[in-house]
4 protein chains.
Amino acid sequence: MQQVRARARRDSILEAALRVFARAGYHLASVDAIAREANTSKGGVYFHFPSKETIFLLLLDRAASQLRARAEAAIAAERDPVAKVEAALWTVLDAFSAHRDLARLFLVEGAAAGQRIRERIDALHAEFTQLIRDQLDAAVAAGAIPPIDTALVAQAWFGALNEVVTGWAHADQPSSLPEAFWTLRRLFLRGVGIDPDFGVEPA
Amino acid sequence: MQQVRARARRDSILEAALRVFARAGYHLASVDAIAREANTSKGGVYFHFPSKETIFLLLLDRAASQLRARAEAAIAAERDPVAKVEAALWTVLDAFSAHRDLARLFLVEGAAAGQRIRERIDALHAEFTQLIRDQLDAAVAAGAIPPIDTALVAQAWFGALNEVVTGWAHADQPSSLPEAFWTLRRLFLRGVGIDPDFGVEPA
Amino acid sequence: MQQVRARARRDSILEAALRVFARAGYHLASVDAIAREANTSKGGVYFHFPSKETIFLLLLDRAASQLRARAEAAIAAERDPVAKVEAALWTVLDAFSAHRDLARLFLVEGAAAGQRIRERIDALHAEFTQLIRDQLDAAVAAGAIPPIDTALVAQAWFGALNEVVTGWAHADQPSSLPEAFWTLRRLFLRGVGIDPDFGVEPA
Amino acid sequence: MQQVRARARRDSILEAALRVFARAGYHLASVDAIAREANTSKGGVYFHFPSKETIFLLLLDRAASQLRARAEAAIAAERDPVAKVEAALWTVLDAFSAHRDLARLFLVEGAAAGQRIRERIDALHAEFTQLIRDQLDAAVAAGAIPPIDTALVAQAWFGALNEVVTGWAHADQPSSLPEAFWTLRRLFLRGVGIDPDFGVEPA
DNA sequence: TATGAATGAGCTTTCATTCAT
DNA sequence: AATGAATGAAAGCTCATTCAT
């Protein structure tokens with residue numbers, strides 16, 4: 001029973017930390033502020049977690065696996081290789097735009113937070129790039145897409161998504177993300193040689 | 001004569017600051033470390049610059065205008081609209097990859113460094129996106145490219161370039177920059193409806 | 001229980017700060033020195049108080065209200081208007097001479113300590129001058145003292161008291177406070193037209 | 001010839017320092033600001049003076065001896081003992097009110113400026129108190145004033161003058177110093193048993 | 001478990017003073 | 001004589017982390 005309570009406390013601290021990090025960024029988020037947001041004390045935070053960095057890392061991992069799970073589910077729900085590719089992209093774009101602050105936090109902010117965190121952020125980038133790449137590879141293998149350096153394409157796509165979403169977060173560009181999606185979809189698919197409306201284009 | 005020395009010192013502090021910022025990020029770079037790297041004292045740094053933030057901003061502006069100048073020169077050297085587009089892209093890619101640490105510093109790291117710096121980083125993103133967009137608009141106007149949301153495309157391309165280059169530090173991909181260029185070029189141009197080998201594709 | 005300890009610590013920091021301020025003056029009193037004097041650390045001081053200035057202001061207010069309370073009590077204990085005037089003077093003189101270092105600190109030293117503190121010191125001067133003046137006004141209204149510019153008189157008296165007491169630290173004069181009181185009493189009262197021994201003098 | 005120039009430079013630095021000290025107070029007056037005000041450089045200041053403190057002390061002494069000279073002249077110009085007393089008072093009040101900023105600087109501000117300066121400020125107080133006291137003693141010896149603790153009276157008068165003038169400097173009290181003089185004169189003289197209009201009062 | 005007081009290293013910045021030129 | 005670059009010892013303040021209760 002006590003363990004249940006402890007677990008709940010731990011989770012509430014994590015939620016609070018997420019909010020504070022998202023609001024203030026890694027450096028400006030003080031442990032005090034996190035404790036206050038979680039309605040506990042600094043000591044309470046340190047009882048559950050060994051350091052501020054650890055909390056950030058935990059949140060990072062949690063966000064990453066949630067996103068991964070969603071993406072994998074979306075991909076699994078499609079049969080067609082190209083549709084799987086699109087599912088991967090759409091899930092990422094969708095998740096980013098639903099949680100702009102987190103996207104900013106983990107994709108941008110986190111990069112200024114010291115060696116350890118940096119490395120994991122890079123790993124996260126790599127992971128999602130890989131996820132997209134896997135779908136591309138499958139599509140290439142299935143002949144749905146002409147051969148191409150899929151690693152590079154995945155990386156480029158990920159970066160494009162990232163920029164568009166984080167740009168959207170604080171400017172007004174683009175004004176509407178859903179509309180942007182259709183343009184990006186065209187841009188991406190035609191880029192790899194698919195006519196988004198009729199399948200593979202003739203050479 | 002003293003002025004010459006002072007100018008040299010000032011420059012050496014700027015160089016040192018650039019190295020330290022690139023190595024540690026804005027927050028983790030202490031003025032002490034910058035002074036040490038420049039073989040001077042903290043007071044010396046403050047004699048030449050009013051604040052750490054000012055130094056960062058100065059470096060940022062310097063890098064931005066160098067890149068802008070290069071890009072504009074490269075664009076001006078081409079006549080064909082599509083070639084101008086390619087020139088813009090290539091310059092950015094080239095510059096970024098020659099100074100990956102700076103690209104990381106100014107495009108990623110700096111975004112977590114406080115209001116003033118954030119604003120200028122955003123402005124920098126906007127500026128280079130605009131630079132690319134201008135070429136796209138010209139190409140569309142010239143009929144070299146079918147109509148498209150050029151703002152979004154420029155943003156996506158910028159993000160793609162950014163990600164590919166800053167991702168380089170840790171991955172093994174791409175093995176070579178020129179190769180990557182050809183892939184990206186194809187990806188980008190086909191994305192907007194140009195056959196990179198034969199010009200505009202038939203609808 | 002912890003709160004008791006915290007309160008005690010807080011108070012001990014205040015006492016320590018008072019000693020250090022009195023010894024060194026506002027500017028020369030470092031927070032480090034205050035912490036050392038209070039057998040705690042700089043961080044400890046800042047845990048209990050938000051700034052050095054706040055501490056000074058707190059001490060200032062505390063001293064002022066203690067003095068005010070004493071003076072008001074002494075005044076209330078008298079019925080005769082002239083006796084009230086004397087009570088105000090005596091209380092101030094007594095308090096100042098019992099805490100010469102504080103008088104010096106708050107009446108003299110503090111005046112060079114920045115806008116906020118200056119304003120409050122001025123207010124303190126004004127307050128005690130006013131306190132004396134009120135008694136003078138009452139005495140004038142009661143016909144115990146001939147009409148006079150009571151504001152100016154109160155100011156002059158306050159300054160005289162201040163100088164006599166703060167000057168003590170270095171001179172040998174006056175040998176004894178009670179003796180000084182009788183001299184000052186005579187000086188002050190005769191100055192406003194009262195024979196200190198027989199009441200109002202004939203015109 | 002060069003010595004003449006050096007002397008002029010030295011003096012111009014002193015004047016500049018006086019202005020800066022009066023404007024900003026001892027602590028806030030930086031040597032840089034003094035150099036700038038004197039149209040020279042920090043090094044120039046240090047060529048002529050060994051330290052900031054020395055400069056302040058020099059100015060203090062200079063102001064003190066100027067005031068002393070004026071007071072002594074004014075005193076010497078009178079024959080009557082009581083008139084001499086009044087001359088001393090009036091000179092001090094006059095000087096203070098003509099140079100409010102300096103009065104504030106040397107009588108108030110300076111007190112927060114470290115041991116050495118503090119001691120000299122005290123000496124200055126003592127000196128002027130002594131000057132007034134000497135006239136009082138002479139008046140007592142001449143039978144113009146009944147016996148009294150002249151040291152204490154002089155101190156009280158000095159303090160009263162000081163408070164009235166410095167109060168005048170930043171509040172509006174008293175509204176007119178010349179008017180205040182007549183009130184103070186009455187206050188002071190009657191205090192020591194002199195009817196300011198008809199000489200010594202009957203016991 | 002949880003609290004919050006306490007620590008101390010670290011930060012940016014200021015400035016009196018020194019010194020090569 | 002004079003300059004102004006350079007120094008370095010502070011200063012006030014913040015905050016991740018520790019620890020007695």
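Chain A is the first sequence line, chain B the second, and so forth, proteins listed ahead of strands; every chain is numbered from 1. Computed from a predicted model, the values in this text were never measured in an experiment. These values consider heavy atoms only, across backbone and side chains, with no hydrogens, waters or symmetry-generated copies.
The nearest whole Å value for the distance from the CZ atom in D:Phe49 to the C1' atom in F:dA1 is 14 Å. With rounding to whole Å, B:Arg5 atom CZ is found 13 Å from F:dT3 atom C1'. Here the P atom of nucleotide E:dA20 and the CZ atom of B:Arg9 are 14 Å apart, to the nearest Å. Here the P atom of nucleotide F:dG4 and the OH atom of B:Tyr46 are 23 Å apart, to the nearest Å. Taking atom NE2 of D:His27 as the reference point, atom P of F:dA11 lies 11 Å away to the nearest angstrom. Between the CZ atom of A:Arg10 and the C1' atom of E:dA2 there is a distance of 16 Å, given to the nearest Å. In this structure, CD1 of A:Ile117 is placed 13 Å from C1' of F:dA16, rounded to the nearest angstrom.
Residue-to-nucleotide contacts include a donor-acceptor pair under 3.5 Å from the side chain of A:Lys42 to the base of F:dT17.
Of the candidates E:dG4, F:dT17, E:dT12, the closest approach to any side-chain atom of A:Val31 belongs to F:dT17.
Listed here is the closest heavy atom pair of A:Ala35 and A:Ser41: CB-C, 3.4 Å. Nearest heavy atoms, D:Leu102 versus D:Ala22: CD2-CB, 4.1 Å.
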Run A:Tyr26 and B:His27 through side chain to side chain contact (heavy atoms under 4.5 Å, CB included) and show every step you take. CA-CA 10 Å; A:Tyr26 182 78; B:His27 267 110; over 6 Å; no
Pair D:Thr40-D:Phe47, side chain to side chain contact (heavy atoms under 4.5 Å, CB included): steps then yes or no: CA-CA 11 Å; D:Thr40 181; D:Phe47 178 80; over 6 Å; no
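Proximity of the aromatic rings of C:Phe106 and C:Phe56 is defined here by a centroid distance below 6.0 angstrom, and this criterion is met.
Of the residues near DNA chain F, C:Ser30 and C:Gly43, the one whose nearest nucleotide (by heavy atom distance) lies more toward the 5' end is C:Ser30. Of the two residues near DNA chain F, B:Phe47 and C:Leu28, the one whose nearest nucleotide lies more 5' is B:Phe47. Taking for each of C:Ile13 and B:Pro50 the nucleotide of DNA chain E with the nearest heavy atom, the 5'-most of the two is the partner of C:Ile13.
OP1 or OP2 of E:dG4 has not a single side-chain nitrogen or oxygen of C:His48 nearer than 4.0 Å. Checking the phosphate oxygens (OP1, OP2) of F:dT3, a side-chain nitrogen or oxygen of D:Thr40 falls inside 4.0 Å.
Annotation: side chain of B:Thr166 is not in contact with side chain of B:Arg100 (no heavy-atom distance under 4.5 Å). You'll find the side chain of A:Leu14 stays beyond 4.5 Å of the side chain of A:Leu18, heavy atoms only.
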Which nucleotides of DNA chain F pair, in dot-bracket form (Watson-Crick or G-U under 3.5 Å, | meaning another strand): .||||||||||||||||||||
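Around atom CZ of A:Arg62, more than 12 heavy atoms belonging to other residues, nucleotides or ligands sit under 6.0 Å away.
The line from CZ of C:Arg104 to CZ of D:Arg118 is 5.5 Å long, rounded to the nearest 0.5 Å.
DNA chain E lies under 4.0 Å from no heavy atom of any residue of residues 32-39 of chain A.
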